[in-house]
Number of protein chains: 2
Amino acid sequence: MKSTPSFIDDSCLEPKYSETATRILDAAERLFVEFGLEATSLRQITQQAAVNLAAVNYHFRSKNALFEAVFARRFAPWARECLHELDALEARVAAGQGTIDVESVVMCYVRPAFALSKDPSRGGVMFVRLFSRVLVENHRQLREKLSRDWGHLVTRYTDALGRALPRLLSEEIAWRLHLGFSVMFHAFAGNDILKLFGRSAVSARDPDLIVKHVVPFVVAGMSATADGKPSAA
Amino acid sequence: MKSTPSFIDDSCLEPKYSETATRILDAAERLFVEFGLEATSLRQITQQAAVNLAAVNYHFRSKNALFEAVFARRFAPWARECLHELDALEARVAAGQGTIDVESVVMCYVRPAFALSKDPSRGGVMFVRLFSRVLVENHRQLREKLSRDWGHLVTRYTDALGRALPRLLSEEIAWRLHLGFSVMFHAFAGNDILKLFGRSAVSARDPDLIVKHVVPFVVAGMSATADGKPSAA
DNA sequence: GTACGTTTAAAACGTTTGTTTGAGCTGGAG
DNA sequence: CTCCAGCTCAAACAAACGTTTTAAACGTAC
């Protein structure tokens, strides 16, 4: 009955794919994350998935459509979880059990990424890495398909952060959310600039360690005043 | 006479390329940044550069070698500038004109990126965007070629930040540097998560605006205590 | 003017790409 | 059993890829 279909509804939890299609999705996910869309061939994917080459064009329409399916399979449950976190936060506040503070908002998007990273059955860290790729590369088809759901999520987070930092202009809120998201995603994706061209002292793949270091950093950054000093509580 | 050649020496400032080679580099840079290495064909590049297809394999050995050349042309002067910033900071401190504080260290890597972004003759924002791509994609050849110079830069920044935050363990220092770099690069590269799948209130392409918003965020994040509150000055 | 190394031009090379085809297999319904 | 839809398979398709080859044009030194 919805005139504008959304990825984020109850249907996103049903297992929609046959075993062959799932094996294709799994293999494609691994390879897209590792090498990117263009650098991964359908023959690599079907070989890793141990299925026939034509199965890709049978179950999914094309290579691009396969990429969309790979992304959407993880995106929908993740976005759903984010919305639940936000709902729970606002319910707690409405019930008078505390106010919205910056850390609560940050945790509303750190927790879903953290949970995902620890759950191999949902691809583990794969989705976050894929997301960080989509962030850098330009996949116009994806933008069009997901702009509605993503826009809704951003609006919700913006509102929540705005209530946690009522003194800031909405433009400032948008910037801090942007930067905070950026830190979290790239940290979970393991895009470590320090070890880019070699070794690093930091082993940035343990989700617990990531949360431990990222959350204080982001909370402090979001709470900063314009002159770099923390805001007076 | 050097046994281990480095990209960062005086030779990196000389114009090494003929006009044809330069046109190839410029076109390749634009396209690599926009679409990535694999999604860009040599025919696209030579067409945009208005040169013959074979010129690429004549001036540069191969497509991969061209990519390295594109990157190295911008990386070397940028890294040089970073080192100058660090040298200047340490010289100021040695002369007794103040101490190393967090903002000074942050500015040591924000300023070169800012200067680059405002200078079209050095490709403007192209290099930062290219760098953010290299950060996500896996270009092993680049890693091997640049690991020495990059490692040196990281060591210098780590030392400086360690002096600005003497109470923190070296592991903590590495994490904050990692996260701070991440924010700055992706902000300058314009990888805006908020506008990922649609419109955004933030127009994140003006370098002055980026500095204005990123520096306070990063400085506050780096100065945070483990519990999310800013450290006592 | 001639001979030279350097740079450009166009065509062709052999692979690999995403996609399509058409025949063959399988398993439950009538 | 027959039948047919759902699915798999090997083979082939045209197009595009990076790279190589061959010849022609260029500027410079003798």
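In what follows, every chain begins at residue 1, and chains take the letters A, B, ... in the order their sequences are listed. All values reported here derive from a predicted model rather than from experimental measurement.
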A.B. asks: As an exercise, state the distance from NE2 of B/H139 to CG of B/L146, rounded to the nearest 0.5 Å.
C.D. replies: 12.0 Å

A.B. asks: Sequence neighbours left out, what passes side chain to side chain donor-acceptor pair (under 3.5 Å) with A/E34? Give chain and number order.
C.D. replies: none

A.B. asks: State whether the side chain of B/R133 and the backbone N or O of B/V33 hold a donor-acceptor pair below 3.5 Å, judged by distance alone.
C.D. replies: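 Yes; judged by distance alone, with no hydrogens or angles, the pair exists.
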
A.B. asks: Could you run through nucleotides 20-27 of chain C and give me one letter per nucleotide, 5' to 3': B if any protein heavy atom sits under 4.0 Å from the base, S if only the sugar-phosphate is that close, - if neither?
C.D. replies: BB------

A.B. asks: After noting the C-alpha distance and the side-chain angles of B/V56 and B/K63, does the key distance pass the side-chain contact (heavy atoms from CB on, under 4.5 Å) rule?
C.D. replies: CA-CA 8 Å; B/V56 172; B/K63 189 189 183 184; 5.9 Å; no

A.B. asks: Give the ring-plane orientation class for A/Y157 versus A/Y109, where under 30° counts as parallel, over 60° as perpendicular and anything between as tilted.
C.D. replies: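 Rings of A/Y157 and A/Y109: perpendicular, as their planes differ by over 60°.
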
A.B. asks: Provide, to the nearest angstrom, the distance between the OH atom belonging to B/Y17 and the P atom belonging to C/dT7.
C.D. replies: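 In whole Å, C/dT7 P lies 14 Å from B/Y17 OH.
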
A.B. asks: Taking only side-chain N and O atoms of A/H59, does any of them lie within less than 4.0 angstrom of OP1 or OP2 on D/dG6?
C.D. replies: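 Negative; the distance criterion is not met.
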
A.B. asks: Atom CG of B/L66 and atom C1' of D/dC17: how far apart are they, to the nearest Å?
C.D. replies: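 Answer to the nearest Å: 15 Å.
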
A.B. asks: Give me the bend of the helix from C/dG1-D/dC30 to C/dG30-D/dC1, using the axes of the five pairs at each end, rounded to 10°.
C.D. replies: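 The value is 20°.
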
A.B. asks: Table please: side-chain donor-acceptor pairs of residues 179-190 of chain A below 3.5 Å, with sequence neighbours left out.
C.D. replies:
unit_1: A/H186; atom_1: ND1; unit_2: A/N191; atom_2: ND2; d: 2.9
unit_1: A/H186; atom_1: ND1; unit_2: B/H186; atom_2: NE2; d: 3.4
unit_1: A/H186; atom_1: NE2; unit_2: B/H186; atom_2: ND1; d: 3.4
unit_1: A/H186; atom_1: NE2; unit_2: B/H186; atom_2: NE2; d: 3.3

A.B. asks: Going by the angle between their ring planes, with limits at 30° and 60°, are B/F131 and B/F127 parallel, tilted or perpendicular?
C.D. replies: perpendicular

A.B. asks: How long is the line joining CD1 of B/I24 and C1' of C/dT8, in whole Å?
C.D. replies: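 The distance from CD1 of B/I24 to C1' of C/dT8 comes to 11 Å, rounded to the nearest Å.
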
A.B. asks: Any donor-acceptor pair under 3.5 Å linking the side chain of A/T40 with the backbone of A/L37?
C.D. replies: no

A.B. asks: Would you indicate what A/T20 reaches in the nucleic acid, counting non-hydrogen atoms under 4.0 angstrom: base, sugar-phosphate, or nothing?
C.D. replies: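 Answer is sugar-phosphate: A/T20 comes under 4.0 Å of backbone atoms only.
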
A.B. asks: Which residue pairs pass the ring-ring contact (aromatic ring centres under 6.0 Å, His included) test when at least one of the two sits in residues 25-61 of chain B, sequence neighbours left out?
C.D. replies: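 Listed once each, the pairs are B/Y17-B/F60, B/F32-B/F67.
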
A.B. asks: Specify the separation, in whole Å, of atom CG of B/N52 and atom P of D/dT22.
C.D. replies: 16 Å

A.B. asks: Within a reach of under 6.0 Å around CD of A/Q141, are more than 12 heavy atoms found that belong to other residues, nucleotides or ligands?
C.D. replies: yes

A.B. asks: Measure from CZ on B/F60 to P on C/dT7 and round the result to the nearest Å.
C.D. replies: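 About 12 Å, once rounded to whole Å.
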
A.B. asks: When you measure from every atom of DNA chain D, which of residues 25-46 of chain A have a heavy atom less than 4.0 Å away?
C.D. replies: A/R43

A.B. asks: Atom OH of B/Y58 and atom P of C/dA10: how far apart are they, to the nearest Å?
C.D. replies: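 After rounding, the reported distance stands at 18 Å.
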
A.B. asks: Could you measure the distance from the OG atom of B/S18 to the CD1 atom of B/I24? Nearest 0.5 Å is fine.
C.D. replies: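 Here the rounded value is 7.5 Å.
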
A.B. asks: Just to be sure I understand the rule, does B/S62 reach a base, reach only the sugar-phosphate, or reach nothing, if contact means heavy atoms closer than 4.0 Å?
C.D. replies: sugar-phosphate

